[in-house]
Amino acid sequence: MTTTEFDLSNVSNLTGAYDASQVEDPIYAFWEDNGWFRPTGAVEGQPEPFTVIMPPPNVTGVLHLGHAVTLTIEDALIRWHRMLGEPTLWLPGLDHAGIATQSVVEGQLAREGMTRHDLGREAFEERVWDWVGVTRPRITAQARRMGASCDWERTAFTLDPTPRDAVRKTFVDLFNDGKLYRGARIINWDPQMLTALSDVEVEYREEEGKLWHVRYPFVDERGNELEDGVVIVTTRPETIPADVAIAVHPDDERWQPHLGRHVRLPLRGFDRLIPLVADSAVDLEFGTGALKITPGHDQLDFEIGERHNLEPIRVVDWDGTLTAEAGLYAGMDRNEARTLVAQHLEQDGYLLKTETHIHNVGHSQRSGVVVEPLVSNQWFVDTDELAAEAARVVRDDEVRIVPERSKNVYLQWMDNIRPWCISRQLWWGHRIPAWYCSACDADAIITADDGEITIDEGSHPIVELTDPTTCPTCGGSELVQDPDVLDTWFSSGLWTHSTLGWPDTTDDLARFYPSSVMETGYDILFFWVARMIMLGCFNMGEAPFRTVYLHGLVRDAEGRKMSKSLDNVIDPLEKADQYGMDALRFTLATGSTPGNDMRLTDERLEGSRNFANKLWNGAKFVLGEIASASDRSPSPRELPYSSPRSPSQGELPSPTPSSPLQGEVPKAEGVLPLEDRWILSRLQAVTDSVDELLTQFQLGEAGRQIQDFLRGEFFDWYVEASKVRLRNGDLSPLPVLTKVLDGGLRLLHPWMPFITEAIWQQLRPQLADNNDVDALIGARYPQPGDADRDLEAEAEFSAVQDVVTAVRQVRADYKVQAGQFVEVYVRPRDDVVGAVTDSAPIIEVLSRSRPLSIVTDLADAPTDQIASAVLPTAEIILPLGGLVDLGQEQARLSKDLDNIIKRLKGAEAKLANEGFRKKAPAAVVQQAEELAADLQRQQADLESRIGALG
RNA sequence: GGGCGGUUAGCUCAGUCGGCUAGAGCGCUGCGUUGACAUCGCAGAGGUCACUGGUUCAAGUCCAGUAUCGCCCACCA
């Protein structure tokens with residue numbers, strides 16, 4: 001692959017700290033211009049591709065934190081697999097988002113004093129397309145800023161020709177299969193958007209309402225009202241005009257004698273009689289045990305009505321006002337009517353009681369208004385068989401859901417699924433591909449004054465793959481297309497294969513279906529994931545992805561869900577401007593575990609930014625040293641500590657590419673100093689762990705471990721230790737510095753792609769194997785088994801760290817001046833596993849800035865005016881002269897001793913336990929024995945130290 | 001009504017297969033004008049792992065229950 005060079009000189013005048021704004025855009029262009037986002041290694045017989053189909057953002061939206069999480073996680077997964085050398089495809093796209101987009105544009109029109117009806121259907125659609133023309137590039141630009149390494153050349157849109165064909169074919173196939181039908185059912189109606197909704201588009205919120213106790217009087221044979229009657233409770237008295245019965249439980253003894261009798265509607269202007277029927281759906285515990293049946297405005301009542309052949313009456317109109325059926329209440333808003341009806345009931349003596357009542361009220365997810373259950377002619381998908389298969393593939397683990405617990409949520413939903421209402425009375429979306437014959441369906445086709453058409457009951461839809469021109473029944477050629485559009489999730493549900501060319505048989509489809517991971521928020525598990533699995537299985541005969549990864553919601557610092565009304569929405573791009581995109585990504589990726597919500601705070605973002613800065617500066621140091629070494633070659637023993645051409649602060653020094661470091665890191669044990677062996681082994685340890693974690697989708701933990709390694713081990717210890725060797729010209733640490741920095745950058749790249757690439761571009765010429773690839777995005781990801789762990793070195797260096805920390809602690813305790821020369825006497829315990837066998841690393845870490853000398857024989861140590869420390873692997877003495885206070889020293893050591901004794905007791909108790917010795921694994925027992933022995937030695941040493949003080 | 005999740009340091013959160021003294025960041029205390037970095041370094045303080053019981057040689061981790069906060073689903077009007 002030919003690539004253009006990434007030139008950091010484009011990144012002008014970096015001063016001070018890492019400046020993400022100077023780096024991110026050029027790096028992104030560098031990747032994209034060099035084709036890194038296209039699937040790589042597209043060769044037959046290559047590893048199975050790793051594919052992610054991006055959840056398409058709403059075309060009119062702006063990128064919010066949910067998208068930011070999605071893009072971060074998917075990009076990290078994609079980059080990891082790309083670096084593993086697998087062919088990777090990340091396919092981006094956008095969703096036309098029917099109802100959401102239409103409501104945005106209608107809002108714009110409203111501000112101009114218009115409605116969509118003023119424009120008419122065609123002009124309105126044009127208007128939306130214009131708007132989409134503005135927003136579409138905006139949202140893709142935002143995704144680019146995130147660093148998303150997706151294949152923009154394959155960008156899909158749900159209204160593109162291929163997804164359109166996919167919708168058409170799916171609709172026809174479902175119809176011909178009998179899984180799609182049109183009919184009058186009770187549906188959720190949005191009286192503001194004036195459209196039907198599916199069940200999942202209704203959000204239930206607890207609200208305080210009123211529970212009215214209303215008496216429906218019995219009448220005698222002549223129709224005169226009697227004193228007694230049936231008392232029901234209702235929350236919606238305005239629907240009384242639509243009542244068709246009173247239902248009670250068949251086992252309810254209170255009402256059995258009255259079954260079959262009639263009561264009269266207790267409302268002014270109504271003398272309609274309705275029967276008392278029995279239905280086991282009635283809860284005899286609730287209220288009075290009697291339920292008014294209003295099939296036109298309640299789901300349960302509709303079902304009861306069907307069982308008793310009771311025709312629904314529609315008393316609430318599409319716009320939420322009352323219909324002519326409501327008599328004197330006609331034309332009133334449903335809430336207004338509710339109040340007035342209650343008032344009348346009270347005045348007329350039918351209202352027995354009013355109580356407050358907390359109940360769940362359904363609101364339209366989009367408009368927020370209270371949903372009205374209405375009987376309406378709509379298109380439905382019969383989901384029974386689709387759901388059974390969709391449940392099976394998850395139950396059989398053909399599709400794995402992460403986190404695992406979401407599997408139950410999914411299955412429970414699938415097992416209780418109801419028909420899916422897919423028609424929407426909107427203009428923006430996929431027009432329903434059904435036609436009606438003007439002749440045959442003349443009665444069903446209703447044309448309003450403004451020319452708009454609705455299709456009534458009893459129609460005969462013509463559903464074919466190509467637009468029909470003649471009626472198959474009468475041969476007539478006057479056909480009318482269904483005016484409605486499809487639920488936006490119908491086309492999104494096909495996304496997994498419509499983006500790959502389906503219904504055509506394409507190479508992409510063959511190669512990339514099913515995709516590897518579907519990553520999205522758990523909040524759209526039912527909306528989207530469930531539908532994709534149902535429709536994917538139906539169309540393709542195979543589940544659309546192997547794994548579903550569900551991430552949690554991003555909340556504000558107080559843990560609240562972000563919402564416009566709370567005015568607590570955090571703009572990810574604003575945060576990226578402030579802290580850098582890598583910092584934002586790292587924060588989002590490491591901020592939570594799969595499926596758990598996270599809070600985003602400035603403190604966390606700051607922490608990530610500081611980590612990026614640390615990395616930048618650490619790399620700057622390593623690169624600077626490489627540059628100096630190159631300038632002053634050949635003799636590494638004569639390396640000056642300072643660089644002759646010291647790079648200006650903040651700028652990454654550019655080592656001369658023509659003089660890379662000579663040689664690979666020596667492999668043979670014993671050749672390398674301890675700290676080299678240690679850091680290389682630790683690098684491998686982190687590599688192993690990260691591989692394991694990523695395989696389990698634990699991106700957060702993996703990212704944190706890499707951070708801990710780079711900061712807590714590489715920069716804090718290895719780089720510090722390396723400085724002595726750089727200064728005194730011993731065996732150069734540069735090969736190891738280079739190798740570990742390289743490894744760390746590779747490991748971190750999926751989380752922080754920009755800064756790692758920027759640094760790596762400068763490091764690349766120094767790498768021993770720099771010929772294979774010239775961008776980190778395509779470099780090989782470190783693998784388990786790349787190197788052997790060196791557990792001995794890890795143990796021994798750990799002892800070095802203990803010694804160094806102990807010396808620092810003593811110095812801090814006695815407030816030894818930073819520049820003050822101090823000797824340190826160390827007696828390593830060479831009889832202990834992991835003991836320090838060589839004092840050089842201690843010197844290297846410690847002597848960086850604090851003059852000291854190390855004497856490894858305690859016999860030579862002074863006995864007066866000393867501070868000391870006892871470690872499992874060594875004993876330490878520092879002659880501090882007048883700084884030492886006998887009482888303080890005694891207190892310090894006694895505290896240590898107390899601690900040791902406490903732990904020793906615990907260890908001994910454990911070992912004394914017969915069960916432990918018998919049942920615990922031998923290694924664990926041995927470990928405990930060694931610990932006890934260590935502690936005993938430390939106890940003895942401390943006691944003798946304390947004794948010497950007296 | 002059913003289901004799920006959280007409860008670990010002052011705060012926000014990790015903690016993988018049950019196993020050494022339970023970790024990080026922020027905050028806090030002390031020291032530090034270190035030739036990568038003050039967006040920093042070093043050292044330190046700070047924990048009954050919500051509670052009760054159980055399993056186990058061993059429990060933050062597994063089981064049962066309780067409390068509490070949150071979420072999802074559901075045809076109690």
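Letters go in sequence order (proteins before strands), and every chain restarts at 1.
Contact check on E914(A) versus R917(A) returns no salt bridge, with no Lys/Arg side-chain nitrogen under 4.0 Å from an Asp/Glu carboxylate oxygen. For the pair R185(A) and E303(A), the salt-bridge criterion is not met [side-chain N within less than 4.0 Å of a carboxylate O]. A salt bridge links K575(A) with D602(A): the closest approach of a Lys/Arg side-chain nitrogen to an acidic carboxylate oxygen falls below 4.0 angstrom.
For R808(A) and G32(B), the CZ to P distance is 16 Å, given to the nearest whole Å. As rounded to whole Å, 16 Å separates atom P of C20(B) from atom CG of N899(A). Between E206(A) atom CD and A77(B) atom C1' the separation is 16 Å, expressed in whole Å. Separating the CG atom of L284(A) from the P atom of G1(B) is a distance of 16 Å, rounded to the nearest angstrom.
For G19(B) and G60(B), the P atoms lie 10 Å apart once the distance is rounded to whole Å. The separation of C26(B) from G70(B), taken at their P atoms, amounts to 30 Å, rounded to a whole angstrom. Spacing between C4(B) and U48(B) at atom P, rounded to whole Å, works out to 30 Å. Rounded to whole Å, the separation between the P atoms of C71(B) and U61(B) comes to 26 Å. Between the C1' atoms of G35(B) and G30(B), the separation comes to 26 Å (whole Å). Nucleotides G41(B) and G5(B) have their P atoms positioned 38 Å apart, rounded to a whole Å. Rounded to a whole angstrom, the distance from the P atom of C17(B) to that of C11(B) is 29 Å. The same atom, C1', is picked in C57(B) and in G44(B); the two are 36 Å apart, to the nearest Å.
The base-pairing partner of A36(B), taking Watson-Crick or G-U wobble contacts with both distances under 3.5 Å, does not exist among the strands shown. Remark: G44(B) base-pairs with C28(B); criterion is Watson-Crick or G-U wobble with both hydrogen-bond distances under 3.5 Å.
Side-chain N/O atoms of H357(A) include one lying less than 4.0 angstrom from OP1 or OP2 on A77(B). Within the structure, a side-chain polar atom (N or O) of Q809(A) is placed less than 4.0 Å from OP1 or OP2 of G44(B).
A donor-acceptor contact under 3.5 Å links the side chain of E720(A) to the base of A36(B). A donor N or O paired with an acceptor N or O is not found under 3.5 Å between the base of U12(B) and the side-chain atoms of R604(A). Scanning atom types as modelled, one donor and one acceptor separated by under 3.5 angstrom connect the side chain of Q705(A) and the base of U16(B). One can find a donor-acceptor pair under 3.5 Å joining the base of C37(B) and the side-chain atoms of K614(A).
Among the protein residues, T805(A) comes within range of the sugar-phosphate backbone only, with heavy atoms under 4.0 Å from sugar or phosphate atoms but none that close to a base. Residue contacts for T234(A): at a heavy-atom cut-off of 4.0 Å it reaches the sugar-phosphate backbone alone, with no base atom in range. Nucleic acid contact for D283(A): base, since at least one base atom lies under 4.0 Å from a heavy atom of the residue.
No side-chain donor from either of T356(A) and E208(A) sits under 3.5 Å from a side-chain acceptor of the other. There is no side-chain donor-acceptor pair under 3.5 Å between T805(A) and D802(A).
At least one donor-acceptor pair under 3.5 Å links the side chain of N416(A) to the backbone N or O of Q412(A).
Of the two residues near RNA chain B, M598(A) and T288(A), the one whose nearest nucleotide lies more 5' is M598(A).
Within 90° of 0 lies the glycosidic angle of C17(B), which makes this nucleotide syn.
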